[in-house]
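The structure appears right after this line, and notes come after that.
Proteins get letters first, then strands, A, B, ... in listed order; numbering begins at 1 in each.
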Amino acid sequence: DTGVSQDPRHKITKRGQNVTFRCDPISEHNRLYWYRQTLGQGPEFLTYFQNEAQLEKSRLLSDRFSAERPKGSFSTLEIQRTEQGDSAMYLCASSSSLADVAYGYTFGSGTRLTVV
Amino acid sequence: KQEVTQIPAALSVPEGENLVLNCSFTDSAIYNLQWFRQDPGKGLTSLLLIQSSQREQTSGRLNASLDKSSGRSTLYIAASQPGDSATYLCAVSVRDDKIIFGKGTRLHILP
């Protein structure tokens with residue numbers, strides 16, 4: 001296992017198109033997180049899964065965004081009808097939990113989305 | 001609402017100097033604090049994780065301290081090198097399910 005993998009690394013799309021990103025976490029990690037980062041800012045929380053259950057969604061995650069984690073393995077983040085404001089780096093992270101305490105995050109390399 | 005602030009926003013120092021990056025947070029009820037490094041256009045690399053019951057962690061030339069009561073953490077980098085140039089992000093775990101980031105400190109080590 002080489003860490004958290006994200007695909008694609010870069011995506012350029014036209015406004016109004018749908019895009020889907022994939023994240024493969026570290027296999028033994030039961031928690032998976034999605035963050036969004038714009039230039040000059042720290043990452044902002046979008047949503048997280050414990051196993052296959054999506055437990056929290058940020059208000060940043062509008063109705064155009066949907067995330068899934070079937071069978072508690074990889075996760076996908078889909079953005080429908082993309083807007084220029086969606087342009088950002090989308091980061092995935094995973095962690096393991098013991099007694100409801102997270103033991104640090106491991107991030108992937110991110111997917112950079114550019115909406116033109 | 002937890003807020004994380006990092007000072008300074010940017011820092012340039014000559015190679016070989018020791019330096020300190022600062023992080024402050026408004027709510028002391030944290031589970032842990034993590035320092036990350038981010039190179040331009042790249043993802044985040046975890047440097048050090050300090051659990052709420054710990055005071056500091058060390059890895060090589062890096063030392064991070066945590067003072068929960070005052071809501072502060074520092075990252076100390078000894079004998080800085082040009083390869084240390086990057087953005088350093090501080091993040092606190094507010095519950096067991098997500099972390100809140102600061103905006104980072106952009107560090108430039110001058111050869």
Exceeds 12 heavy-atom contacts within 6.0 angstrom, atom CZ of B/R37: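 It does: B/R37 CZ has more than 12 such atoms within range.
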Does one hydrophobic cluster hold both [X] and [Y], with members joined at side-chain heavy-atom distances below 4.5 Å?
{"X": "B/V13", "Y": "B/L21", "value": "yes"}
{"X": "A/Y35", "Y": "A/F21", "value": "no"}
{"X": "A/M89", "Y": "A/Y48", "value": "yes"}
{"X": "B/V20", "Y": "B/L89", "value": "no"}

Stacked cation flag B/K98 on A/F45, 6.0 angstrom / 45 deg: yes
Which atoms of B/Q6 approach chain A - backbone, side chain, both or neither, heavy atom under 4.5 Å: neither
Validation row: A/R112, B/K42 side chains within 4.5 angstrom (heavy atoms): no
Chain B contact via A/E44 - side chain, backbone, both or neither, heavy atoms under 4.5 Å: neither
With A/Y105, the side-chain contact (heavy atoms from CB on, under 4.5 Å) member among B/I99, B/N32, B/L44: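 Only one of B/I99, B/N32, B/L44 forms a side-chain contact (heavy atoms from CB on, under 4.5 Å) with A/Y105, namely B/I99.
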Heavy-atom pairs under 4.5 Å with chain B, option from A/G40, A/P43, A/S109, A/G108 with the top count: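 Looking at each of A/G40, A/P43, A/S109, A/G108 in turn, A/P43 comes out on top.
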